[in-house]
Amino acid sequence: MKFKEVGIHPPVLDGVDAMGFENTTPIQEKAIPIILEKKDLIACAQTGTGKTAAFLLPTMQQIHDQADHGNIDALVVVPTRELAIQIDQQIQGLGYFVDISSVAVYGGGDGVSWEVQKKALLKGANIVIATPGRMIAHLNQEYVDLSKVKHFILDEADRMLDMGFYDDLKKIMKFIPKDCQRLMFSATMPPKIRTLAKEILNEPEEVSIAISKPSENILQGAFMIHDGQKSALIHHIFSAKKMDSVIVFLSRKSEVDKIAREISKLGVNAAPIHSGLEQSKRESVLQDFINKKINVLVATDVMSRGIDIKGIDMVINYNVPGDAADYVHRIGRTGRADANGVAFTFVNEEDMYNFSNIETLIGKEIQKIRLPEHIGEGPVYNPKQRSFKPRGGSSGGSKGKRRPPKK
DNA sequence: AAAAAAC
C-alpha cells in the first residue's frame with residue numbers, strides 16, 4: 001500500500017517521499033490507520049519491520065494537525081540510549097518538512113548534555129524520546145511538564161520489562177494525562193506483556209506481525225565448536241573474505257573487549273561496544289561503524305535490539321544467547337529491508353540446549369556447518385545437552401550444605 | 001545468565 005492510502009498526507013508524506021519510502025510494510029499498513037483514529041494499540045513487531053515509522057508517522061501527523069506547539073506532545077520510552085538517538089534521528093529525517101522538534105533524553109553524557117536536554121524539555125520539544133532513568137531524573141527536578149502529552153509510546157516493551165524497568169515506567173506514566181493515546185510495541189507477547197497492556201492501555205486494538213521469525217533474507221548457519229577453537233574460526237572467517245560490516249555478539253562485556261582486541265590483531269578494523277564504555281565512546285564507535293570506518297563491531301546485547309544499520313553483511317554469535325528471542329534480534333541486524341545477510345552461530349557443548357530452543361522458536365533447523373579441516377573436530381550436536389554442567393554429587397546439591405544464618 | 005539503565 002501507499003502511505004497516502006493509510007492516511008498519511010503532506011507535509012509528513014513529503015518526508016516519507018524524501019526518505020525514499022514507497023510502500024508501507026505490513027505493520028505500517030495495519031497500525032497507522034488505528035493510530036490515526038487515536039485508539040490505543042498493542043503491536044507485536046520487531047524492528048526491521050518498519051515499526052518505528054509505523055508509530056512516528058501518524059504521531060507526527062497528529063501533532064502537526066493539532067498545530068499546538070510549545071508543549072511536549074509525545075513521549076517515547078525506549079530501553080537503550082542508542083535506540084533513543086536513532087529514533088530522534090529518524091524524526092529529523094521523516095519530519096524534515098514538518099515543524100516538529102524532538103530531543104533524545106538519555107544518561108551517560110557530560111554536564112552539557114544534561115543542560116541541552118533540560119533546555120529542550122523546558123522549551124517543550126514536541127517529541128521526547130527517553131530512556132527511563134534519565135527521564136525520571138529530569139522529572140524529579142520538577143521543571144518538566146508532561147501534562148499536555150497526547151501520545152505515549154512504549155517501544156521494545158518486552159525488553160523494558162526484562163531490564164526491570166517496570167517501576168520506572170509506572171513512575172513516568174503517573175505524569176501522563178489520562179486521555180493520552182498509548183501505544184505499546186513488543187517483539188514478543190508473553191503473559192507479562194499482556195498484563196502490562198491491560199494495566200496501561202485503554203481498550204487497545206491489537207496488531208500482530210509474524211513474530212520470532214527471522215527474515216528469509218538471512219542465511220543462517222551454526223558451527224559446533226569447542227571454546228578453544230573459536231579464535232581459529234574467527235581467523236578463518238575474517239581471512240576468507242573482506243567484509244565491510246560485521247557485528248560479533250557476545251554476552252559478557254569483558255569477553256567483548258577481549259575478542260575485539262583479538263580481531264584487531266588480525267588486521268581487521270574492529271572495535272568493542274558495550275555499556276562499560278563512556279557514552280561519547282559508544283556514540284563515536286557506532287557512528288564509525290555506520291560510516292564503515294570500523295568494519296567489525298564487537299558488541300553485547302546492547303546492540304541486539306532496534307539498532308538499524310544499512311549494509312551489515314554478517315552477524316556472528318560468538319556464543320549462543322541465553323534467551324532464544326535475543327537470537328532473533330541479534331541476527332536481525334543483518335538482512336534488513338531487501339538486503340541479504342549471513343548469520344553464523346558458534347555453539348559449544350554448554351550452548352546446545354539453548355541452541356535447540358532457538359531452533360524450536362524459529363521453527364526450523366539451522367544448518368550445521370563443518371569446521372574447516374585445519375581447526376579439527378568440534379563437539380557432536382546433542383540438543384539435550386543442558387547449558388549448565390552438573391556439579392559433582394547428588395542433584396539436591398548445595399542447599400543441604402547451606403548453614404543457617406548466624407545471630 | 002548477563003546485559004541494560006541515573007547522578
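In what follows, every chain begins at residue 1, and chains take the letters A, B, ... in the order their sequences are listed. Just so it is clear, the structure is predicted and the values come from calculations on it, not from any experiment.
At a threshold of 4.0 angstrom between heavy atoms, the contacts of D326(A) with the nucleic acid are absent. Heavy atoms of G164(A) sit nowhere under 4.0 angstrom from any nucleic acid atom. Counting non-hydrogen atoms under 4.0 angstrom, R159(A) reaches nothing in the nucleic acid. Within 4.0 Å of G322(A), counting heavy atoms only, lies at least one base atom of the nucleic acid. Residue contacts shown for D162(A) include a base, since a base heavy atom lies under 4.0 Å away.
Under the salt bridge (charged side-chain N to carboxylate O under 4.0 Å, His left out) rule, E206(A) has a single partner from K39(A), K198(A), R194(A), K30(A), which is R194(A). Screening Y381(A), F344(A), Y318(A) against F223(A) for a ring pair (Phe, Tyr, Trp, His ring centres under 6.0 Å) leaves a single residue, F344(A). Of the options I247(A), I316(A), N317(A), a side chain to side chain contact (heavy atoms under 4.5 Å, CB included) to I331(A) is made by N317(A) and by none of the others.
A close approach under 4.0 Å does not occur between any side-chain nitrogen or oxygen of R330(A) and OP1 or OP2 of dA3(B). Remark: T300(A) is in phosphate contact with dA4(B), judged by side-chain N or O atoms under 4.0 Å from OP1 or OP2. Of the side-chain N and O atoms in R305(A), none sit less than 4.0 angstrom from OP1 or OP2 of dA3(B). Taking only side-chain nitrogens and oxygens, T131(A) comes nearer than 4.0 Å to OP1 or OP2 of dA6(B).
Note on D73(A) versus K148(A): no salt bridge recorded, every NZ/NE/NH1/NH2 to OD/OE distance being 4.0 Å or above. A salt bridge links E377(A) with R370(A); the closest basic N to acidic carboxylate O contact falls under 4.0 Å.
For the pair M160(A) CE and dA5(B) P, the computed distance is 11 Å after rounding to whole Å. If you take OH of Y353(A) and P of dA1(B), they are 13 Å apart, rounded to a whole angstrom. Atom CD of E156(A) and atom P of dA5(B) are 13 Å apart (whole Å). Atom-to-atom, CZ of R252(A) to C1' of dA2(B) comes out at 7 Å; the value is rounded to the nearest Å. Rounded to an integer number of Å, the gap from CG of D167(A) to C1' of dA5(B) is 13 Å. Atom NE2 in H138(A) sits about 14 Å away from atom C1' in dA5(B), given to the nearest Å. For the pair Q117(A) CD and dA5(B) C1', the interatomic distance rounds to 14 Å; values are reported in whole Å. One atom, CZ of R81(A), and another, P of dA3(B), lie 15 Å apart when rounded to the nearest Å.
Comparing dA1(B), dA6(B), dA5(B) by their nearest atom to the side chain of D323(A) picks out dA1(B). Checking dA6(B), dA2(B), dA5(B) against the side-chain heavy atoms of E82(A) singles out dA5(B) as nearest. The side chain of V302(A) has dA4(B) as its nearest neighbour among dA4(B), dA6(B), dA1(B). Closest to the side chain of Y106(A), from the set dA5(B), dA6(B), dA2(B), is dA6(B).
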Might you work through the side-chain hydrogen bond (donor to acceptor under 3.5 Å, both in side chains) test for Q220(A) and Y327(A), ending with a clear yes or no? CA-CA 11 Å; Q220(A) 301 175 63; Y327(A) 172 83; 2.6 Å; yes
